[in-house]
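Read through the structure below, which is laid out as structure tokens, and then see the notes.
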Amino acid sequence: MVAASASIRRILVMTTILDSTLTAAQRSAVEHIDGPLLILAGPGSGKTRVVTHRIAYLTQQGVSPRQIVALTFTNKAADEMRHRVESLVTRAGEFHLSTFHRFCSRLLRRYASLVGLGEHFTIYDTDDSARALRHTLEKAGISNTTFSPRQIASEISRAKNNLVEADRYEPPNGLPLGTVVAEIYPLYQQQLLSASAVDFDDLLLHVAVLLRENPELRKTLDEEFKYVLIDEYQDTNFAQYAILRALSQDHPNLAATGDPDQSIFGWRGANIENILRFEEDFPAVRVVRLEQNYRSTKSILRVADKLIVHNLNRKHKELFTDNPEGNPVELTCYVDQREEANAIARHIVEEIDSGRRRAQDFGIFYRINALSRTLELALREHGVPYQLVRGLEFFQRKEIKDIIAYLQLINNPSDDVAFLRTLNTPRRGIGKKTLQCLTRHSEEHGISLLESARSAGMIGQIAKRSAVRVATFVAIIDELSEKAAAPLEELMGLVMSNSGYHESLAHSDNEEDLERLANIEELLTLAREFDAQHPEAACLEVFLEEIALVGDTDDWEEETDRATLMTLHAAKGLEFPVVFLIAAEEGLLPHERSREDPDQIEEERRLLFVGITRAQQELKISIARRRDFRGQRRLTIPSQFLMELPRDELRMADSEGLGGYDGDEEPDAGAIARKVAKRHEAASGEAPPLTTAAELGKGQPIGGSRPIAETFSIDSESFHVGMPVAHPKYGLGKIAALSGPAQRRTATVNFVTAGVRKFRLHESPLRPVGRKP
DNA sequence: ATTCGCAAAGTTTTT
DNA sequence: CTTTGCGAAT
């Protein structure tokens, strides 16, 4: 009976797993069992499909699901993978399938004591960590450095990502920030340990150290997790790399999937070298390239490819597709962001009204969140339903964090950050002075703040009145702690009432307070759902871990029929039939902070690559001539990346009507797009859409006979490498290099159509296109 | 101890 | 234009 059903299942599995829809390359990855495997998967190449099928295949070949670990970076990716594995295998629940951080968190709970943590350690989010750091700075008496806690935190984070422990930290040469960090990092780490807390980076750091310093344990775990799969390998940092290697020594069955061209988290410590180096790390590796794209049209894919080949630090990859040619990619220039947003909204409305598309078919991407505003406004005005994907909204709200802090303190009484947060929230009249006494007392006796608070009455410097108030607070926490095992919703309700938090909000006629109350209601609902999912009691810690490791980026709903607005970073891993990519302008994409560093420019280029390759059928890139940003009106310069796109593949358009360009202004985005559009028209004999007849007559073809630089005299100082320039004869280009002294300053220019040429700057009609006002 | 007001700063953010 | 944090005033 059992055998029969097993063999039936086996047949079913066989047919679904190795069905004929797999290509040869995909199949070779799926059927790979032992030994290292590297899947270099281009965008839309069916990577997830391959990974899930391989998991199924492994079990079908007799590997126990318990020995398989599949790691992703996002919950969304983990959920999707789980979903898809479940449709292939029956025992899907037994796999270790989670995000990297969650996997580490579980491991760490098992072995917490080995790294000096309590079993009930708290996971701090970025905000909590910042508070811990600030508290540490205060205790150390170096609160008035030139560096912000944020800067310090990010340097500590960088160190942790690179597996540099507190006692081994050395300031990178000449970095003034480093000296401060060298001093504060050990104290901060000590603070975390004594509070029995970890920050996000610690989850990785501790596990990596654990594996490094306990060879026996490492061996055990290597054995336990025989088959490790890691998704988005290009985004791993050094700590993650170390963990993966430690788990793949005796059983080097590490399967990594990734795409170096989609590495966009370098600024968070991700090291693209990890994937580029994989073949050296595991010489016996089997490399599978998935280069066929099943997502995008040919024309979209060509544009993506032409862009990404400009990256120098890159493995060549051939992208191709059997999909139809599709419409040309559009590049439109608008007068300002208002018009850009309105045009997009209008277009979406038209498409929906005509029945060609649904709202959910549209994705709108931008480089920074601040750009979403105008879009939202326009979409609302046009009645387009939309959803805005923005990480960490709900759980970062003050009131939510307040309530959570109570729960954290109940779960882990050593948690000083939670103590600090709750002590005087709501207002209990406990002030700075009292707090200082408590802090000093806990330092002197090596005990937690809550422990100190218990003996507040005995501490001389604390006034009677204050001591009573502190005692009241301790009593509240103690009372709540007795209910720690109660269902979450109940516990949370008790927190609300006993702490006086509810009262402090309920009796307010302040609208904001009422909203806060509503948010807390939502949290209670969440708790109720959680209770339902975890009928066994004592799930407080699980809940806390859940909300620490789940951002609410997951509130993006695939199901609902709404257009989606998000940053380019958030768009990774998703796809939309129609993609709008706005504000392809210098300073925004690439972002101005990336300008100096060529590596960062390459990352920005990859970011655009990721955006482009999200599009299935249509891609519309846009710029605005003028953009109001931070309250300032600025003329824009089109992104240097636009120069790298294949001109003859793009449909250029300029939305501007009559009389917009008065000739007095510096040449700007509008002028350029118009000119390029005109040039394109001349080349193809086809008028670009959206361009008025009047407009066509006005544009100045760059490659035309009339010089356009006669009135410009520009000193050589105003040129720099990477700058877009125009030449009356050769058209648009980009400065590839500069050399020579002022008088003989020479620029090497890479022209879009005319190749590479050199010029003496003060003799040539070469000029910058557009300039900041 | 709390509150109010002004100054300064302001990417991206899987966890 | 925002938001956020710190410092002075009540």
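Letters go in sequence order (proteins before strands), and every chain restarts at 1.
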Taking syn as a glycosidic torsion within 90° of 0 and anything else as anti, which one is B:dT11?
syn
So for A:Arg367 and B:dT11, does any side-chain atom that can act as donor or acceptor lie under 3.5 Å from a complementary atom in the base?
no
Could you tell me how far apart A:Arg397 (CZ) and C:dT4 (P) are, to the nearest whole angstrom?
12 Å
What nucleotide among B:dT15, B:dT2, B:dT12 has an atom nearest to a side-chain atom of A:His101?
B:dT15
May I ask you to check whether over 12 heavy atoms, not counting those of A:Glu273, lie within 6.0 Å of atom CD?
yes
Compare the minimum distances between each of B:dT3, B:dT15, B:dT11 and the side chain of A:Arg427, then state the nucleotide with the smallest one.
B:dT3
At 4.0 Å (heavy atoms only), tell me whether A:Ser594 reaches a base, stays on the sugar-phosphate, or touches nothing.
base
Using atom CG of A:Leu203 as one end and atom C1' of B:dT14 as the other, report the distance to the nearest whole Å.
14 Å
Out of B:dT15, B:dT13, B:dT11, whichever nucleotide has its closest atom nearest the side chain of A:Glu604
B:dT11
Return the value, rounded to whole Å, for the distance between atom CZ of A:Arg634 and atom C1' of C:dC1.
12 Å
Ignoring the backbone of A:Arg593, work out which of B:dT12, B:dT14, B:dT11 is nearest its side chain.
B:dT11
Determine if A:Trp267 stacks with B:dT13; use a centre-to-centre distance below 5.5 Å and an interplanar angle below 30° as the criteria.
no
Which one of A:Val209, A:Leu107, A:Leu211 satisfies the side chain to side chain contact (heavy atoms under 4.5 Å, CB included) criterion with A:Ile243?
A:Leu211
Starting at the 5' end of DNA chain B, which residue's closest nucleotide do you reach first, A:Thr434 or A:His591?
A:Thr434
Whole-Å distance, A:Gln151 CD to B:dA9 C1', equals 12 Å
Measure the spacing between OG1 of A:Thr236 and CG of A:Asp231 and express it to the nearest 0.5 Å.
11.0 Å
Can you find a side chain N or O atom of A:Thr567 that sits less than 4.0 Å from OP1 or OP2 on B:dT13?
yes
Please work out whether the ring planes of A:His569 and A:Phe265 are parallel, tilted or perpendicular, with thresholds of 30° and 60°.
tilted
Where does the angle between the aromatic ring planes of A:Phe73 and A:Phe100 fall among parallel (under 30°), tilted (30 to 60°) and perpendicular (over 60°)?
tilted
Under 4.0 angstrom between A:Arg630 side-chain N/O and B:dT11 OP1 or OP2
yes
Could you state the atom-to-atom distance from CD of A:Gln262 to C1' of B:dT14 in whole Å?
14 Å
Closest-nucleotide mapping onto DNA chain B: is A:Ser466 or A:Leu607 further toward the 5' terminus? I mean the 5' end.
A:Ser466
Are more than 12 heavy atoms from other residues, nucleotides or ligands located less than 6.0 Å from atom CZ of A:Arg109?
yes
Check whether any side-chain N or O of A:Asn369 sits under 4.0 Å from OP1 or OP2 of B:dG10, and answer yes or no.
no
Determine: side-chain N/O of A:Asn75 to OP1/OP2 of B:dT14, distance under 4.0 Å, yes or no.
no
Where the side chain of A:Ile368 is concerned, which of B:dT15, B:dT11, B:dT13 is the nearest nucleotide?
B:dT11
Tell me whether A:Arg110 at atom CZ has more than 12 heavy atoms from other residues, nucleotides or ligands lying less than 6.0 Å away.
yes
So what does A:Glu603 touch, heavy atoms closer than 4.0 Å: a base, only the sugar-phosphate, or nothing?
nothing
When all nucleic acid strands are considered with a 4.0 Å heavy-atom cut-off, which category describes A:Lys432: base, sugar-phosphate, or nothing?
sugar-phosphate
Whole-Å C1' distance, C:dT3 and B:dT14:
25 Å
Whole Å only: how far is the CZ atom of A:Phe629 from the P atom of C:dT2?
13 Å
Rounded distance (Å) that lies between atom P of B:dT11 and atom CG of A:Leu608
21 Å
What contact category does A:Phe265 fall into here, base, sugar-phosphate, or nothing, at under 4.0 angstrom with non-hydrogen atoms?
base
Counting any heavy atom closer than 4.0 Å, what does A:Ile430 reach on the DNA or RNA strands: base, sugar-phosphate only, or nothing?
sugar-phosphate
Between A:Asn237 and B:dT15, is there a side-chain N or O to OP1/OP2 distance below 4.0 Å?
no
Among B:dT14, B:dT13, B:dT15, which nucleotide has an atom closest to any side-chain atom of A:Phe73?
B:dT14
Pick base, sugar-phosphate or nothing for A:Asp235, based on heavy-atom distances below 4.0 Å to the nucleic acid.
base
